[in-house]
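For clarity, every value in this text was computed on a predicted model and none was experimentally measured.
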Amino acid sequence: MGEVIKIGMLGIIGVLFALMFKGEKQEYTHYIGFGAAVLVFYYVVRSLISLTGRLEILQEYLTGSESYLGTLFKIVGITYICEFSAGICKDAGFSSVAGQIEVLGKLSVMFAGLPILLAVIEQIQGFL
């Protein structure tokens, strides 16, 4: 929880710092924004490395169900890529393109999760 607060504050401080230069030195706002984005990305990568180690431990407990964990990774990846892409499009002023990317992401998550849903339905039918 503390890392999330640090990263959030880093982003907010970076944006506020960039806004201070917006009126006078427009080019500095881009450099400051890029620097803040790189620092946040560094923390994200560091957190992902830690998460990967913990998920490997979880995978040891899921013997025979490794495909579910792979599907989970795929869904999380789709979500982050679509969120990131849509955010860039919105910032550039292309809200309609961002909306279409979000719809694509939702549909992709739904299709990626269908095998898990089918496995759950088969398990339920097995109990009946």
Side-chain angles (χ1 to χ4, degrees):
M1 182 70 176
E3 283 287 314
V4 174
I5 293 171
K6 285 181 194 176
I7 294 168
M9 292 303 292
L10 176 69
I12 291 170
I13 289 170
V15 168
L16 291 175
F17 192 59
L19 285 174
M20 288 182 358
F21 288 100
K22 192 169 186 166
E24 299 172 13
K25 302 280 186 173
Q26 187 78 23
E27 65 275 4
Y28 288 168
T29 61
H30 298 295
Y31 298 137
I32 294 169
F34 181 74
V38 167
L39 287 173
V40 169
F41 184 72
Y42 168 75
Y43 280 111
V44 168
V45 169
R46 208 171 81 184
S47 296
L48 282 176
I49 291 170
S50 173
L51 178 67
T52 304
R54 291 182 184 182
L55 288 175
E56 287 174 357
I57 294 170
L58 178 64
Q59 190 172 6
E60 292 175 10
Y61 292 113
L62 294 174
T63 54
S65 302
E66 292 86 12
S67 64
Y68 297 138
L69 198 57
T71 303
L72 176 66
F73 281 138
K74 186 185 296 185
I75 289 171
V76 170
I78 289 168
T79 304
Y80 283 131
I81 290 169
C82 289
E83 181 77 23
F84 183 74
S85 302
I88 289 174
C89 291
K90 282 181 186 175
D91 289 345
F94 293 96
S95 296
S96 61
V97 175
Q100 295 302 315
I101 291 172
E102 290 172 351
V103 169
L104 172 74
K106 291 172 185 175
L107 289 174
S108 298
V109 166
M110 185 180 74
F111 285 125
L114 279 178
I116 294 175
L117 178 62
L118 292 174
V120 169
I121 290 172
E122 288 175 4
Q123 288 289 332
I124 292 172
Q125 285 181 344
F127 289 129
L128 297 177

Shortest non-hydrogen contact from [X] toward [Y]:
| X | Y | value |
| --- | --- | --- |
| Ala98 | Ala86 | CB-O, 3.4 Å |
| Ile75 | Thr79 | O-OG1, 2.8 Å |
| Ala18 | Thr29 | O-CG2, 3.0 Å |

Of all residues at least two apart in sequence or in a different chain, which pass the side-chain contact (heavy atoms from CB on, under 4.5 Å) check with [X]?
| X | answer |
| --- | --- |
| Ser85 | Ile81, Ile101 |
| Lys74 | Ile78, Ala112 |
| Val45 | Phe41, Ile49 |
| Ala36 | none |

Can you measure from [atom1] ([X]) to [atom2] ([Y]) and round to the nearest 0.5 angstrom?
| X | Y | atom1 | atom2 | answer |
| --- | --- | --- | --- | --- |
| Ile32 | Leu19 | CD1 | CG | 9.5 Å |
| Met9 | Leu16 | CE | CG | 8.5 Å |
| Thr71 | Ile116 | OG1 | CD1 | 4.5 Å |

Quick test of your reading: applying salt bridge (Lys or Arg N to Asp or Glu O under 4.0 Å), list the pairs with at least one residue in [range], sequence neighbours left out, ordered by first then second residue.
| range | answer |
| --- | --- |
| residues 118-128 | none |
| residues 108-118 | none |
| residues 79-89 | none |
| residues 38-52 | Glu3-Arg46 |

In the single-linkage hydrophobic clustering (I, L, V, M, F, W, Y; side-chain heavy atoms under 4.5 Å), do [X] and [Y] co-cluster?
| X | Y | result |
| --- | --- | --- |
| Ile12 | Val15 | yes |
| Val109 | Phe84 | no |
| Leu72 | Leu51 | yes |
| Val76 | Val40 | yes |

**Message:** If you count every heavy atom of other residues, nucleotides or ligands that lies below 6.0 Å from Glu27 atom CD, does the total exceed 12?
**Reply:**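 Check passes, neighbour count above 12.
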
**Message:** Take a 6.0 Å sphere around CZ of Phe73 and say whether it holds more than 12 heavy atoms from other residues, nucleotides or ligands.
**Reply:** yes

**Message:** Side-chain heavy atoms under 4.5 Å apart, restricted to Ile/Leu/Val/Met/Phe/Trp/Tyr: what other residues fall into the cluster of Leu114, or is it alone?
**Reply:**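 For the cluster that includes Leu114, the remaining residues are Val103, Leu107, Met110, Phe111, Leu117, Ile121.
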
**Complete:** Residues joined to Val38 in its hydrophobic cluster, side chain to side chain under 4.5 Å directly or through other members, sorted by chain and number, are Phe34

**Asked** In chain order, what residues pass the salt bridge (Lys or Arg N to Asp or Glu O under 4.0 Å) check against Lys90, with sequence neighbours excluded?
**Response** Glu102

**Prompt:** Who are the ring-ring contact (aromatic ring centres under 6.0 Å, His included) partners of Phe17, not counting sequence neighbours?
**Reply:**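 Partners of Phe17 by the ring-ring contact (aromatic ring centres under 6.0 Å, His included) criterion, ordered by chain and then number, come out as Phe21.
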
